[in-house]
Amino acid sequence: MRLLVSQHNIGKWAAYYVYKKIREFKPTKSKPFVLGLPTGSTPLDMYKELIKFNQQKLLSFKHVITFNMDEYVSLPDDHPKSYHYYMFNNFFNHIDIDHKNVNILNGNATYLDYECKVFEEKIAGFGGMELIIGGIGEDGHIAFNEPGSSLNSVTRVKTLNYSTILASSRLFGDKVEDTPTLALTMGIKTILDANEVLIMAKGLNKSQAVAHAIEGSVSSMCPVTALQMHRKAVMLCDEYAAFELKLKTIRYFENLKDEYYNLEQEVATKGFTN
Ligand code: PGA
């Protein structure tokens with residue numbers, strides 16, 4: 001697993017990464033780029049920047065298929081806090097993606113287990129995801145894979161734990177009683193099956209989870225640690241999210257002059273960071 005502590009806005013960095021990956025892949029109708037996407041506050045800058053790339057005709061999403069990581073159960077799609085609403089309002093309505101290529105789990109499906117099975121099969125039908133972007137919870141969750149989730153889990157119904165419900169309650173008028181307690185989520189194996197995984201972490205409140213992810217041992221009690229077993233995973237942090245890491249760890253990764261190091265330089269020089 002690679003760590004990159006960026007000096008730039010990590011949302012813009014991630015957008016530049018997605019832009020490069022899609023351009024290099026040269027997707028076509030018969031060979032689409034399959035992209036996994038998150039919600040939350042962290043990726044908002046990435047979506048804003050990707051919209052700019054699209055509107056400036058630097059990047060097209062015509063041959064991109066997206067799969068969202070998760071969705072609440074029982075919230076109507078047009079509820080302002082549903083992930084359907086978030087994704088269309090913050091991203092899909094502003095780019096040239098064909099809405100038929102957008103896949104978000106239906107938390108109102110009659111048969112939720114079946115919904116999850118079909119979703120998982122659909123990803124596999126496209127040959128898996130090329131790249132998935134995610135955030136990280138303070139407790140180390142990825143998507144809605146809470147502590148204790150099987151590291152071999154696939155898309156399924158998940159009961160949310162109290163700390164996640166509490167964190168989400170800020171979206172529901174700070175009313176814990178109005179906050180959904182169930183969600184549909186990609187599993188950890190679903191995420192690990194992607195060719196590349198980019199996890200974004202911003203702010204001091206994520207610093208413990210980041211330290212555990214990079215320096216801790218693999219444990220289902222901190223699901224993000226599963227990424228240590230991935231062939232190509234990168235943790236992209238701002239300097240606050242990196243606060244709990246050992247200086248030695250930070251220096252070690254800084255000294256790897258690899259593709260991520262080069263990208264950090266490119267993001268600075270390409271002028272996409274304004
Ligand atoms: P956040 O959520 O981006 O709103 O911090 C991330 C997560 O909980 O996965």
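The basis for the numbers below is simple: all heavy atoms, side chains too, and nothing from hydrogens, waters or symmetry mates. Just so you know, ligand 1 is whichever comes first in the structure, and atom 1 is the first atom listed for that ligand.
- For Lys175 and Phe172, the positive end is not near the middle of the six-membered ring at less than 6.0 Å and at most 45° from its axis.
- The salt bridge (Lys or Arg N to Asp or Glu O under 4.0 Å) test applied to Asp113 returns no partner, not counting sequence neighbours.
- Protein residues with a heavy atom under 4.0 Å from ligand 1 are Gly40, Ser41, Thr42, Gly135, Ile136, Gly137, His141, Arg170, Lys206.
- Relative ring orientation between Phe61 and Phe91 is described as perpendicular, the plane-to-plane angle rising above 60° on a 0-90° scale split at 30° and 60°.
- Side-chain polar atoms of Ser163 and Asn161 form a donor-acceptor pair below 3.5 angstrom.
- Contact between Arg23 and Leu59 at its shortest, heavy atoms only, is CG-CD1, 4.3 Å.
- In this structure, Thr159 and Thr181 have side chains that are not in contact, with every pair of non-hydrogen atoms separated by 4.5 Å or more.
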